[in-house]
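Taking it in order: structure first as structure tokens, then the write-up.
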Amino acid sequence: MTESPIGVFDSGIGGLSVLQALQAELPHEHFVYWADSGHAPYGEKSDVFVRQRSLAIARHLVEQHRIKALVVACNTATAAAIHELRVQYPRLPLIGVEPALKPAVALSQTRRIGVIGTRGTLGSDKFHRLLSSLQGQAEFVVQPCNGLALAIEESTHTAVSAQSSEKISALLRNYTGQMGTFGSAAGQMDTLVLGCTHYVFAQNELQSLLGPGVQLVSTGEPVARQTRRLLEAAGQLRQGPSPLAASARLTLMSNGELSGLQAAASRWLQLPHSACHKADPRV
Ligand code: DGL
């Protein structure tokens with residue numbers, strides 16, 4: 001199994017932000033990435049739908065690509081499906097993502113922390129359990145951002161990108177405006193948790209909107225470190241004399257517009273278009 005790839009999936013291109021961190025942490029590994037763009041966004045769909053998609057993708061990656069580990073690079077899918085995935089694949093190292101509230105508590109000086117994510121993630125029992133476990137340690141201002149993941153997803157299509165970057169800015173202004181005041185003074189939110197992997201690709205816009213004093217917290221790096229730990233523990237870490245070239249170790253698939261994935265992979269991971277393929281439409 002050591003030579004097998006690691007599977008990574010998301011509702012679309014958001015999980016590429018996690019893949020970036022995985023690549024950096026695990027330079028000898030092969031990855032297969034599934035962008036479920038034909039069914040994005042997940043965040044405003046039912047739990048049952050997201051769970052079915054997650055199980056179908058996992059089955060495909062296990063059976064067709066013989067993956068040795070699975071990274072669910074999507075907060076919404078983790079909230080809806082990680083439990084069921086663990087039941088169905090008890091021996092497969094499985095890594096999910098959740099909004100990084102604990103790291104945010106460690107970073108915040110003002111003890112007021114903003115959290116943005118999809119409606120599915122922030123409305124889930126899993127998220128509510130996480131929030132209650134930190135009760136008393138900080139005040140959390142939680143804001144679901146309907147439409148934001150989709151706008152980021154659409155921003156990869158060159159034809160609509162100018163329009164969608166205006167849309168992204170308008171959504172960010174609107175949602176962060178509703179949350180209250182950001183800044184480093186007492187009573188202000190000095191930390192914002194990006195509870196959706198798509199939002200990482202809007203972090204420059206967010207940082208200029210909120211100012212340099214506000215810390216943005218995402219999950220790519222801790223998830224990559226956890227993946228390494230689980231592979232080590234399972235004795236399945238791939239070692240090699242020198243790191244593999246990115247294009248040789250990454251296979252990306254999408255069941256949406258291939259040009260969207262190609263544009264995102266080239267912009268954020270500097271990958272050639274040839275790394276991206278049409279996903280099996282039967283999944
Ligand atoms: N990127 C996903 C997440 O982390 C889902 C976004 C969506 O499809 O709504 O939640």
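Note that ligands are numbered from 1 as they come in the structure, with each ligand's atoms numbered from 1 the same way.
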Whether [X] side chain and [Y] backbone form a donor-acceptor pair below 3.5 Å:
| X | Y | answer |
| --- | --- | --- |
| Gln207 | Gly211 | yes |
| Glu44 | Gly147 | yes |
| Lys45 | His39 | yes |

Using heavy atoms and a threshold below 4.0 Å, how should the contact between Pro41 and ligand 1 be classified: side chain, backbone, both, or neither?
->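 Looking at Pro41 and ligand 1, atoms from backbone and side chain both fall under 4.0 Å.
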Within the structure, does Thr118 bring an N/O atom to less than 3.5 angstrom of an N/O atom in ligand 1?
->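 Not met; the criterion fails.
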Going by distance only, is there an N or O of Tyr42 that falls short of 3.5 Å from an N or O of ligand 1?
->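 Such a contact does occur with ligand 1.
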For atom 10 (O) of ligand 1, which protein heavy atom lies nearest, and how many Å away is it?
->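 I find the closest protein heavy atom is Thr76 OG1, 2.6 Å.
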Donor + acceptor pair across side chains of [X], [Y] (<3.5 Å):
| X | Y | value |
| --- | --- | --- |
| His28 | Gln239 | no |
| Ser184 | Gln109 | no |
| Thr121 | Thr118 | yes |

Under 4.0 Å from a heavy atom of [X]: which atoms of ligand 1 are those, numbered in the order shown and with their elements?
| X | value |
| --- | --- |
| His198 | 1 (N), 2 (C), 6 (C) |
| Gly43 | 7 (C), 8 (O), 9 (O) |
| Asp10 | 1 (N), 2 (C) |
| Ala149 | 6 (C), 7 (C), 9 (O) |
| Ser11 | 5 (C), 6 (C), 7 (C), 8 (O) |

Could you point out which residue of Asp36, Asp10, Thr76 forms a side-chain hydrogen bond (donor to acceptor under 3.5 Å, both in side chains) with Tyr42?
->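 By the side-chain hydrogen bond (donor to acceptor under 3.5 Å, both in side chains) criterion, Tyr42 pairs with just one of Asp36, Asp10, Thr76: Asp36.
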